[in-house]
Protein chains: 2
Amino acid sequence: MAQDQHRSARTLETVARACDVIDTLDALGGAGVTEVATELDIAKSSAHAYLNTLREKRFVVKKGHQYHLSLEFLYLGKSVRHRHVLFAHGKSVVDQLASESGEYVHLMAEQHGLERNVYKVAGENAVGDTYHTAKERKTDFLHFTSTGKAVLAHLPESRVRDIVDTHGLLQKTENTITDLETLFEELETVRNRGYAVNDEEEVKGIRAVGAPIRNANGTVLGAISVSGPSSRFTGEYLHKEVPHMVKEAANVTEASINMSDASQSL
Amino acid sequence: MAQDQHRSARTLETVARACDVIDTLDALGGAGVTEVATELDIAKSSAHAYLNTLREKRFVVKKGHQYHLSLEFLYLGKSVRHRHVLFAHGKSVVDQLASESGEYVHLMAEQHGLERNVYKVAGENAVGDTYHTAKERKTDFLHFTSTGKAVLAHLPESRVRDIVDTHGLLQKTENTITDLETLFEELETVRNRGYAVNDEEEVKGIRAVGAPIRNANGTVLGAISVSGPSSRFTGEYLHKEVPHMVKEAANVTEASINMSDASQSL
DNA sequence: AAAATTGTTTCCCAAATGCGAACAGCTATA
DNA sequence: TATAGCTGTTCGCATTTGGGAAACAATTTT
């Protein structure tokens, strides 16, 4: 059933289903046994067993007859973030960039071919992140964001093809790049000028500039972006000032990472 | 094997083990197959299967030969927090209390008999939360914090006994309450005066004042606390001013919750 | 008061998992 | 450079475990 493209390593159905239960509880914001059972198309007794086990393991809490994800996830999330390389070396840089630019700043990592924000800060005049505060997930593709394109530009071509095969090229606005040919051209441009521009490709009225963060081997780890209203993001500001700030911030982060890498690898 | 005190509902060992894998990855901050296998005392091939499944489900990422928890947990954590009643109604109150008092303010919920912080803010003169930024978990018991005691004071006695049976009364400092008798007396005091005091019971040099948050039924949902250095937390400040602020904040939160409950239950 | 929910428990068989062992790939060591 | 000792990965088989149907309990609705 779960046979993937490459010869699939073994997967445990029970574990996979437990993950589905977690996803379902998140999607529904809590649910009862029957609800979970119908949602995942399994027997009530099975759903009950899954929920009960997750509860005993403290990943789920039960309020009355409703099951919810527990605050354990908040702790795990914090833990993951604090240990992440980009957070460790990028947080202060991002904070500074936000106060310097006054705009919204994102620190992003790629995982499983998707965009994952490690950290984000709103500068004083920040605009435009109210979209996706709640539902930020599932549609976090790489091809319509500045950070995403900055990352894609520095991944091996084969990897980019894999990612597009897996996730497709969803159209979010009329500016979204929706075919592979155009995407590769765009990535070429990104590589040449050293930064990526999101020209209302995800949300109308919002532009962004993103620069990649790479380690000493040239492997891309993520990206930093500055975003704001299209009205403000034009001309010199969009094509000179912002790129300059963003690239600088990315470079500083890279330097910090490479220094600690160098000291560790001895 | 996993027969618990009360007649145990069914649990799935595969799911339980998957949870253990997640806990292990968190505890070790990433690990290899062999490491996980020895840690959990299972076969290498099994550990591999678990890790592979969690990776396919995007809860785990693989960097070289190291497996780490993915940023998915960061998203789930945020989602859980944003949906939590206490956060929804308490965040603004806590923010205000922090700027008003200048101290550290915690918004806490009880889950599985443990202390779980939903939100916390440092006021301008805040001191003393650097302990447990990283390793805050596992030892988060209720009996040595102001929030924990505030909550315990309003749980049914039987529930308190259950919790103590399960988690014990770990001694953290010389002031920690370590026997049930004394604990019940303390909880009585807390109930009578309406707030709990943590007198260096968790960490030497830190005192705190906590007040419970209860819904219209009288069920306790959590607590709010203000904490700071013992040098500053004395006399009138400790026994009048801070309790007044904390109780006020808790009451405002309660009111907000009860209003939305009332409107929903019709 | 009856009917329709939902959650919980039981039991058995098919199926999924755990394990051991073999294999592959890499690193350190002689 | 060869060898030993690590890793991670794959395979096949015996066995345990989880899935499901149905009965039961506990509410809620009609």
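Within every chain, numbering begins at 1; the chains are lettered A, B, ... in the order of the sequence lines, protein sequences first and strands thereafter. Just the heavy atoms: all of them, side chains too, but no hydrogens, waters or symmetry mates, feed the values below.
Of all heavy-atom pairs spanning A:V160 and A:L183, the tightest one is CG1-CD2, 4.4 Å. Nearest approach of A:A47 to A:V33, heavy atoms of both residues: CB-O, 3.8 Å. Nearest approach of A:E110 to A:V151, heavy atoms of both residues: CB-CG1, 3.9 Å.
When the nucleotides D:dT9, C:dG18, C:dG7 are ranked by their closest atom to the side chain of A:T34, C:dG7 comes out on top. Picking from C:dG7, D:dT10, D:dT17 the nucleotide with the shortest atom distance to the side chain of A:V33 gives C:dG7. Of the listed nucleotides (C:dG7, C:dG18, D:dG19), C:dG18 has the atom at the smallest distance from the side chain of B:S46. The side chain of A:K44 has C:dG7 as its nearest neighbour among C:dG7, C:dA16, D:dT9.
Remark: B:Y50 is not in phosphate contact with C:dT17, judged by side-chain N or O atoms under 4.0 Å from OP1 or OP2. Side-chain N/O atoms of A:H48 include none lying less than 4.0 angstrom from OP1 or OP2 on C:dG7. Here B:Y67 does not reach the OP1 or OP2 of D:dG8: none of its side-chain N or O atoms lies under 4.0 Å away.
Contact annotation for B:S45: base contact, defined as any heavy-atom pair under 4.0 Å involving a base atom. The residue A:H65 sits close only to the backbone: its heavy atoms come under 4.0 Å of sugar-phosphate atoms, none of a base.
Atom-to-atom, CZ of B:R55 to C1' of D:dT9 comes out at 12 Å; the value is rounded to the nearest Å. Residue B:N52 contributes atom CG, which lies 12 Å from atom C1' of D:dG8 at whole-angstrom precision. Nucleotide D:dT16 holds its P atom 13 Å from the CZ atom of B:R17, rounded to whole Å. The nearest whole Å value for the distance from the CG atom in B:L51 to the P atom in D:dT10 is 13 Å. Protein atom CG of A:L12 is 18 Å distant from nucleotide atom P of C:dA15, rounded to whole Å.
If B:I42 and A:G64 are placed on DNA chain C by their nearest nucleotide, the residue sitting closer to the 5' end is A:G64. Residue A:E35 is the one, among A:E35 and A:T14, whose nearest nucleotide of DNA chain C lies closer to the 5' end (criterion: closest heavy atom). With the nearest nucleotide of DNA chain D identified for both B:R10 and B:K62, B:K62 has the one nearer the 5' end.
Judged by distance alone, the side chain of A:T253 and the main-chain N or O of A:A249 form a donor-acceptor pair under 3.5 Å.
In this structure, A:H167 and A:F141 have tilted ring planes: the angle between them lies in the 30° to 60° band.
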